[in-house]
Amino acid sequence: MYGGLIAETGSTRDIFYNPKHPYTWGLLNSVPNPKNLVKERLKPIDGQPPDLLKPPAGCPFAPRCQYAMRICMTQRPPLFEIGEGHKAACWLNHKDAPKVEAPIRRGTYNE
Ligand code: SF4
């Protein structure tokens with residue numbers, strides 16, 4: 001959930017091994033690595049959550065998203081079907097969107 005809306009839904013395996021929403025990527029990258037707690041700094045998601053009294057017209061994550069496109073500012077993304085039971089509300093999952101590799105840090109749960 002982000003900004004009161006479903007950002008991504010799916011099985012634990014889908015979310016941890018094949019996440020398809022930049023907010024999910026940010027959450028996964030903010031999980032501390034128990035093997036490297038001393039050296040590694042936590043990686044926060046920059047920015048602030050949206051004001052739910054004045055919800056944005058487009059994607060609620062857009063002001064914090066490094067992948068935001070013009071459409072993200074004006075049109076709320078639908079829940080795109082990724083696979084059986086796996087959906088993500090992000091325009092990057094549209095068939096015509098630029099291809100972006102999930103920037104997930106390896107080592108905590110997905111070695
Ligand atoms: S719809 Fe756009 S702003 Fe929202 S998460 Fe996807 S790329 Fe980022």
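We count ligands from 1, going down the list as the structure has it; atoms in each ligand are counted the same way.
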Strictly under 2.8 Å of atom 6 (Fe) of ligand 1: which protein N/O/S atoms qualify?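 N, O, S partners closer than 2.8 Å: Cys90 SG.
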
Review point. Hey, does Trp25 have a side-chain heavy atom less than 4.5 Å from the side chain of Cys90?
Key: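 They are not in side-chain contact.
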
Side-chain heavy atoms of Tyr23 within contact of Cys65, under 4.5 Å: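 In short, these two side chains do not touch, never coming nearer than 4.5 Å.
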
Q: Say whether Trp91 and Leu79 are linked into one hydrophobic cluster, either directly or through other cluster members, by side-chain heavy-atom distances under 4.5 angstrom.
A: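 No, because Trp91 and Leu79 fall into different hydrophobic clusters, even though each may have its own neighbours under 4.5 Å.
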
- Do the side chains of Ile104 and Val100 join up, straight or via other hydrophobic residues, at under 4.5 Å, putting them in one cluster?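 Shared cluster, yes.
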
(message) If you count heavy atoms of other groups shown closer than 6.0 angstrom to NZ of Lys99, is the number above 12?
(response)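 Counting other residues, nucleotides and ligands, NZ of Lys99 exceeds 12 neighbours.
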
Within residues 71-87 or reaching into it, pairs that qualify as side-chain hydrogen bond (donor to acceptor under 3.5 Å, both in side chains) - sequence neighbours excluded: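 Listed by first then second residue: Glu8-His86.
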
